[in-house]
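Please read the structure below before turning to the comments.
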Amino acid sequence: MDYNFKAIEEKWQKYWKEKEIYKVDIDHGKPKFYVLDMFPYPSGAGLHVGHPLGYIASDIYSRFKRLQGFNVLHPMGFDAFGLPAEQYAIQTGQHPALTTENNIKRYREQLDKIGFSFDWSREVRTCDPKYYKWTQWAFLQMFRHWYDNKTNKAEPIGNLIDEFEKNGTKNIDASCTEQLIFSAAEWKNKSEKEQQEILLNYRIAYLADTMVNWCPALGTVLANDEVKDGFSVRGGHPVVQKEMKQWSLRISAYAGRLLNGLDTIDWTESLKEMQRFWIGRSEGAEINFDIINTNKKLLIFTTRPDTIYGATFMVLAPEHEYVDEITTSEYKKDVNTYREETKKRTERERMAEVKKINGQFTGACAFNPFTKQNIQIWISDYVLAGYGTGAIMAVPAHDSRDYAFAKHFGLPITEVIAGGDISQGAFDSKDGVVINSEIINGLVAKDAIVKINDEIEKMGIGKRKINYRLRDAIFSRQRYWGEPFPIYFKDEIPYPVDEKNLPLELSEVDVYLPTEKGEPPLGRAKNWKNADGYPYELSTMPGFAGSSAYYLRYMDPHNDKELVSKKADEYWRNVDLYIGGAEHATGHLIYARFWNKFLFDLGLVCEEEPFKKLINQGMILGVSELIHSITPYFLKDQPITTTYNYIWCNGIYEIKDKNGNKIDAEVYYSADMADEVLTNLNHLEDKDKTKMIKFNIPIYCTQDHTLFDFISFKKWRGNFSPTYSVFVCKDGYWIISGYNDKITKENWYPLNPKNNNSGNFFTTPIVEKLSKSKLNVIPPDNTYNEDGSIKQEGIIEKYGADTLRMYEMFLGPLEQAKPWDTNGIEGVHKFLRKLWRLCHGKENNFSVSDGEPTKEELKILHKTIKKIREDIENFSFNTSVSAFMICVNEFTDLKCSKKKIIEPLVIILSPFAPHIAEELWNQLGNKESICNAKFPEYDENYLKENTFNYPVSFNGKTRYNLELPMGISNEEIQDTILKHELSQKWLDGKTPKKFIIVAGKIINVVV
RNA sequence: GCCCAGGUGGCGGAAUUGGUAGACGCGCUGGACUUAAAAUCCAGUGAUCAGCAACGGUCGUGCCGGUUCAACUCCGGCCCCGGGUACCA
């Protein structure tokens, strides 16, 4: 073999490791540069080809910066707490710490094979107690602080207590859950418990009632994506919305700063836009409406107080605390029915179904303080409890949703802004003059808002208000595999664990399931209480807890005295370049910014924004395979006789095999007949409840969109599947039975034994993101069967890491999503071989010559240096790979392998393909690693052109090309064009109206 | 639904500021070398019409319309696909 990538890559990976080439320390002699990747969650499926995409990009950038003389911090670690490990633990009984450890080992092995320049001495793992000590520590700081709107920062809770003792709430302007008013005397008269409850109202980490997806059958809270159509995805159990006490972080206090901070950072506009929308600043007013026949006031928030004369009814979220109290006896039953229905739907479903108008009158009315009319109070799905105050004044003439609602229920519509046609639809625009509105008539909306706000404040019924959609982050998870809260409860009041007792380590449990009482798994732990016998919190922290400040730990990872030392923080400051997926836009990237701002308020970090520049790598999409089944509803004994005449229910119901024996089975349908099966169902009773369901199955069970390895499918289904699985094909059916090790070989039952042909069971392919949850991951390296034989050959083994690195970059623009497809990989590999051959000739002897390069050769080299440099700076790595290919093709054509050309070429290639570059660098006689070389500068003088081959167009259409010297005048060009024989045809005897000449670009003749 | 991104040959993509659409690579077709294969090299390759020929014509960047000497690029409207939508990470 000429280019022996295997030997080269192993050799240099070993060398880099032994010489600690990538270890960095604080070095005030060099400018720092901090390049960070979003660290991976080590799933059991291993690293897939999507992960390295961003890592390769950041590695190229890191190596480039290093070649430019920067001291580059480029660390890596693992986001190791999370749901999948816990699910696996539930299924197998293995401790998640153990499986996580194994997964990390596998990830590390895979990462090492790709030749990244990570400084592994700085590795962090979020599940390591030495690490989560600081996650817990930060949480305690949030518990011990409150947000003062006057100083606009977090302040110690002690200050607040002092103020309560002196003046009560009089001078307090705090971010809090509920506005409280009490005097100093009242404060002092409160019991300890009452005082602690009040403080929770102010703490940045606080306990509050929030809505969760509760699954009674599983005894646990589910994530939204674990719920579909009101049922749990696993097991199909009903899920309801339930109120539960949960830890929350008062991120809403930081909404304004999170919004303004966006203007100071170099992120893509689209990402900033997403965060701006997520934060959702809106200026408006809070207004109280009296509720008729009660002494209650209904507080609403509106951005359009100018339309208050058009407010003809009110709508509350079905969960609004007033609903029970105000509903009249006549409507109790209907309201309760409606609320029960709502409870079954997640918030996302409620938002998604705006076209289905529904709601319920409560029987109560409110008083519109401006029109002096009584207006009805309704409840409806489209008002969400978490937004604003959970109540709106509906202005059907000027809000589309209110309009649809009013039309549907026959509620009055009053036009108050001229300019639309309210018989046709709502006029939502603010461009119009106010009418039918007494005191603000004739004003444009903008002025009307000012005037009506003044009036509202004068009347004492409300005030101007800036509202943010950003909600406080719910910080409790009813799970085991996460950071324990350093909190114990005394008399139901939470108290912080003393900092010197951190970390509070996760306790062992017998099984990773909720207790019978429905407590989180930690409820099973023995002695889960402090030295005084007070019980610890049973929930754990969510996934984003550990990832919110990890970039700070990398600066000083072994410090057990501080989260990060001042020295390290002041040198490394913040992340200069952060690369990761756009799917984190509104999760991690907001939480981390919040977390950092909080630490900034405490003076612990010197930069207010953690990530200066951010690039989103696009997702690598893969092909997933879906299997078809039918919703479980239909209970009947059905003999399997023919494919179409009978439909089997899916689920654990009785079905008979062809011998008439009852079997306990689930049934799947081949994709080519699934629709037909569903159609056949239509004549059956209960057909409305029948639905086709499709779900992802592991792609390793499939081949060419066919389920081909039934045994591994059955193993994957595991305990979620009944004993038998029936796979119905057009020409027969397969029956597989048993669990795990006791799965029978597949049995094929053709419908017509004489015509025993295919038995192909088709699945439906779809292109979607590579993800463990989609079961479609493709690893970059070999995967092995249990017996040690190769299951699938990886790219690294087949082509080498340098090829993988360059190919992933070659796939397309970094930021765009692209499907994974190995078709083009040969071309990239060929390029590296070509480079090798350029330096080694046909005989594979290193043969680089010492001659002086020609002008032409220097031009190619400097053109490439310039291009590569610009491309790296623009993160346009796909075009760099093309440029390298063109360059090597050109030198091959010129048979140029001069040292003065090859040496700089190898340096600029080294960020992309470090192994081959290091090898060639070494062969060129260099003793030090190429990592310590200097990135060459290009010389503009070599790039100058004397002539330009102009495209000549007539009326914008290119007709011919013409080589002209650079720098000649437009008149000369015009003359040459007019005389040119090819021009005659297009001028057709006419005189040109106009010449457009862009020097060095184009000539256009307008005829 | 809402927010964000994207749509260019058979495929991945290029065209960085409105200036030659299809760079580079894959695939495919034909050829050279070879006993043969692999490897390597050479030529062709958007569609279509016409032709003995060619620096031939026309069309062509999701769809419809607009601005401009000139539009993949800018503007308006629509369609499709992907991500997120607050407990997947």
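Nothing here was measured: the structure is a model prediction, and the numbers come from that model. A note on names: the letters A, B, ... follow the listed sequences, proteins ahead of strands, and every chain is numbered from 1.
Among A:Y132, A:F544, A:F39, A:Y131, the single residue meeting the ring-ring contact (aromatic ring centres under 6.0 Å, His included) criterion with A:F81 is A:Y132. Of the options A:W595, A:Y468, A:Y591, a side chain to side chain contact (heavy atoms under 4.5 Å, CB included) to A:I251 is made by A:Y591 and by none of the others.
Side chain of A:Y107 to main chain of A:Y41: a donor-acceptor pair is present (N/O by atom type, distance under 3.5 Å, no hydrogens or angles). Proximity of a side-chain donor or acceptor of A:R469 to a complementary backbone N or O of A:F277 within less than 3.5 Å is detected. With hydrogens and angles ignored, the 3.5 Å screen pairs a side-chain donor or acceptor of A:S380 with a backbone N or O of A:N358. Looking only at distances, no side-chain donor or acceptor of A:E243 sits under 3.5 Å from a matching main-chain atom of A:M211. Using modelled atom types, no side-chain atom of A:T220 and backbone atom of A:W214 make a donor-acceptor pair closer than 3.5 Å. Between the A:N616 side chain and the A:E815 main chain, no donor and acceptor come within less than 3.5 Å of each other. In this structure, the side chain of A:R805 does not engage the main chain of A:I56 through any donor-acceptor pair within 3.5 Å. With hydrogens and angles ignored, the 3.5 Å screen pairs no side-chain donor or acceptor of A:H829 with any backbone N or O of A:I825.
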Within the sub-3.5 Å range, which N or O atoms of nucleotides 76-81 of chain B have a protein N or O partner, and how far apart are they?
none

Polar atoms only, N or O, under 3.5 Å: list the protein pairs with nucleotides 60-62 of chain B and their distances.
none

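No salt bridge links A:E826 with A:R833; every basic N to acidic carboxylate O contact stays at or beyond 4.0 Å.
Base orientation at B:rG9 is syn, since its O4'-C1' glycosidic dihedral falls within 90° of 0.
Side-chain nitrogen and oxygen atoms of A:R477 include at least one within less than 4.0 Å of the OP1 or OP2 phosphate oxygen of B:rC87. The shortest distance between the side-chain N/O atoms of A:N1004 and the OP1/OP2 oxygens of B:rU68 is not below 4.0 Å.
Counting non-hydrogen atoms under 4.0 angstrom, A:Q478 reaches a base of the nucleic acid. Note on A:Q246: a base of the nucleic acid sits closer than 4.0 angstrom, heavy atoms only. Nucleic acid contact for A:S547: none, since no nucleic acid atom lies under 4.0 Å from a heavy atom of the residue. Across all strands shown, A:D79 has heavy atoms under 4.0 Å from sugar-phosphate atoms exclusively, and none from any base. The residue A:N961 sits close to a base: some heavy atom pair falls under 4.0 Å. Nucleic acid contact class of A:I825 (heavy atoms, under 4.0 Å, all strands): none. Using a 4.0 Å heavy-atom cutoff across all strands shown, A:L83 reaches sugar-phosphate atoms only and no base atom.
Using a 4.5 Å heavy-atom threshold, the side chains of A:V952 and A:N1004 count as separate. Looking at A:M38 and A:L589, their side chains come closer than 4.5 Å, going by heavy atoms from C-beta outward.
Whole-Å rounding puts the A:L384 CG to B:rC2 P distance at 14 Å. At whole-Å resolution of the value, CD1 in A:I590 and C1' in B:rC4 are 13 Å apart. Atom C1' of nucleotide B:rA23 and atom CZ of A:F877 are separated by 20 Å, given to the nearest angstrom. Between A:N213 atom CG and B:rA86 atom C1' the separation is 11 Å, expressed in whole Å. In this entry the distance linking CD of A:E269 with C1' of B:rC4 reads 12 Å, nearest Å. Atom CZ of A:R959 and atom C1' of B:rA70 are 13 Å apart (whole Å). Atom OH in A:Y591 sits about 11 Å away from atom P in B:rA89, given to the nearest Å. For the pair A:W481 CH2 and B:rA89 P, the computed distance is 13 Å after rounding to whole Å.
A:E86 pairs by the salt bridge (charged side-chain N to carboxylate O under 4.0 Å, His left out) definition with nothing, not counting sequence neighbours. Considering only residues two or more places apart in sequence or on other chains, A:E873 meets the salt bridge (charged side-chain N to carboxylate O under 4.0 Å, His left out) condition with A:R869. Legend: residues meeting salt bridge (charged side-chain N to carboxylate O under 4.0 Å, His left out) with A:E519, ordered by chain and number and at least two apart, are A:K517. When the side chain to side chain contact (heavy atoms under 4.5 Å, CB included) test is applied to A:D871, the partners found at least two apart in sequence or on another chain are A:K867, A:S876, A:T879, A:S880. Residues passing the salt bridge (charged side-chain N to carboxylate O under 4.0 Å, His left out) test with A:K818: none are found, sequence neighbours excluded. Residues meeting the side chain to side chain contact (heavy atoms under 4.5 Å, CB included) test with A:S882, sequence neighbours left out: A:F810.
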| Just the dot-bracket of RNA chain B, please: which string comes out with Watson-Crick or G-U pairs under 3.5 Å, [ ] for crossing, | for another strand? | ((((.((..(((......[....)))((((((.......))))))((((......))))..(((((..]....))))))).))))....
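Closest-nucleotide positions on RNA chain B for A:V1005 and A:E815 were compared, and the one nearer the 5' end corresponds to A:E815. Along RNA chain B, the nucleotide nearest A:Y950 and the nucleotide nearest A:K994 are compared for position; the residue whose nucleotide lies closer to the 5' end is A:Y950.
Between B:rG66 and B:rU58, the two C1' atoms lie 24 Å apart (nearest whole Å).
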| message | Protein within reach of the bases, or only the backbone? For nucleotides 38-49 of chain B, mark each nucleotide 5' to 3' as B, S or -, using heavy atoms under 4.0 Å. | response | -SSS--------
| message | How would you summarise protein contacts on nucleotides 7-17 of chain B per nucleotide, using B for base, S for sugar-phosphate only and - for none, with heavy-atom distances below 4.0 Å? | response | ----SBSSSB-
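Within a heavy-atom distance below 4.0 Å of RNA chain B, the residues of residues 272-282 of chain A found are A:E273, A:M274, A:F277, A:W278.
For A:V998, whose side chain is taken as the heavy atoms from C-beta onward, the closest listed nucleotide among B:rC4, B:rA86, B:rG19 is B:rG19. Of the candidate nucleotides B:rC69, B:rC87, B:rU20, B:rC87 has the atom lying nearest to any side-chain atom of A:I474.
Annotation: cation-pi geometry satisfied between A:R593 and A:W267 (NZ/CZ under 6.0 angstrom from ring centroid, within 45° of ring axis).
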